[in-house]
Amino acid sequence: MSLGDPLPAAFYDRDPAAVARELLGAVLRHDSNDGVISGRIVETEAYLGPHDPASHSAVGRTARTWHMFGPPGTAYVYFIYGMHWCVNAVVREDGYGAAVLIRALEPLEGLPLMRARRPKARHDRELLNGPGKLCAALGITRAQDGLPLTGGSRLTICAGDVVPDAAVAVTPRIGISKAADWPLRYVLR
DNA sequence: ACGCGGATGGCCT
DNA sequence: GGCCATCCGCGTA
C-alpha cells in the first residue's frame, strides 16, 4: 500500500477508533457521471457496533442498516432528517456492524462541480464541512450504498499523507443523544 | 459570533 | 407517533 492506492479491506478490519483516526488525511473520491470530485478527510467519527447505543447497528440488521453489517471497506450510506445523505466506511469483520462516519473533507479535485452542487455555500470552506454537505457535493446518495471503497467501484478511499498525533484532536461525537460523552470523534486541524 | 427552530421523510415501535 | 450520526436562515450581540 502506498500513497494514492485504495485502502484495502484489511485496513478496515480493525478497531473502529483506530480506523477513524487513521482515515484522517486519506482521500475520498467519487467518479460521478458529471465528473471526478475528491477531498481529503479531515473529520471522522467511530460507531463501535451493536453494543454502542448511538450506532445504527444497535437496532439490528434492517433494510436501512443492511450494508453496515457488510464486509470491511463497504460504503454505508443513509438518509437522515428527510433531506440529507451521510456516508460511512464499514469496519471490522463481515457481519459485525461497526462503521466510521466521514464528517468533513477539504476540497481537492472538482471544485467547480462542488460549487454547482452546493449553491448555498458562500465560500469554498463551506463546501464539504459537514456529513450531509460533503455527500451533496460529491453526489453521494442511496445509489452508492453498499459499494466497495477498496477499489473497483466509482467511490473509493485512497491512502494519503501520514498525519502526526499533534495535528489530531479527539472529542465526543456530535449530534447524538445516546453515549454522547464517548470520545470517538477525530478532527484534523 | 453565537443560539434557536423549522424543514422534511423514512423507519422503528 | 415520534425520533433522528443535519443544514440553513433568522434572531440577538
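Each chain gets a letter, A, B and so on, in the order the sequences are listed, and its residues count up from 1.
What separates CD1 of A:Ile80 from C1' of C:dG2 is a distance of 13 Å, to the nearest Å. Rounded to whole Å, atom P of C:dC4 lies 15 Å from atom CE of A:Met68. Atom OH in A:Tyr81 sits about 14 Å away from atom P in C:dC8, given to the nearest Å. Rounded to whole Å, atom P of C:dC3 lies 15 Å from atom NE2 of A:His56.
Comparing C:dC7, B:dT8, B:dC12 by their nearest atom to the side chain of A:Arg118 picks out C:dC7. Considering only the side chain of A:Lys120, C:dG9 comes nearest among C:dC7, C:dA5, C:dG9. Residue A:Leu101 has its side chain nearest to C:dA5 when only B:dG10, C:dT6, C:dA5 are considered. Relative to the side chain of A:Pro131, the nucleotides C:dA5, C:dC7, B:dA7 differ in distance, and C:dC7 lies closest. The side chain of A:Tyr47 approaches C:dA5 more closely than any other nucleotide in the set C:dC8, C:dA5, B:dT8. The A:Arg142 side chain lies nearest to B:dC11 when the options are C:dA5, C:dG9, B:dC11.
Taking 4.0 angstrom as the limit, A:Thr62 places none of its side-chain polar atoms (N or O) nearer than this to OP1 or OP2 of B:dC11.
Considering A:Leu127, A:Ile41, A:Val42 in turn, A:Ile41 is the only one that fulfils the side chain to side chain contact (heavy atoms under 4.5 Å, CB included) rule with A:Leu105.
A ring-centre distance under 6.0 Å is not found for A:His84 and A:Phe79.
Rounding to the nearest 0.5 angstrom, the gap separating the CG atom in A:Leu101 from the CD1 atom in A:Ile176 is 10.5 Å.
A cation-pi geometry, defined here as NZ or CZ lying under 6.0 Å from the six-membered ring centre and within 45° of its normal, does not hold between A:Arg142 and A:Trp85.
Of the N and O atoms on the side chains of A:Asn33 and A:Arg154, at least one donor lies less than 3.5 Å from an acceptor on the other residue.
Residues A:Leu108 and A:Arg29 have side chains not in contact (no heavy-atom distance under 4.5 Å, counting atoms from C-beta outward).
At a non-hydrogen distance threshold of 4.0 Å, nothing from residues 174-189 of chain A comes into contact with DNA chain B.
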Worked verdict on A:His56 versus A:Tyr47 for ring-ring contact (aromatic ring centres under 6.0 Å, His included): CA-CA 8 Å; A:His56 289 177; A:Tyr47 288 85; 7.2 Å; no
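Nearer the 5' end of DNA chain C, as judged by each residue's closest nucleotide, is the contact made by A:Ser55, out of A:Glu126 and A:Ser55.
Between the side-chain ring of A:Phe79 and the base of B:dG10, no stacking contact exists by the 5.5 Å and 30° definition.
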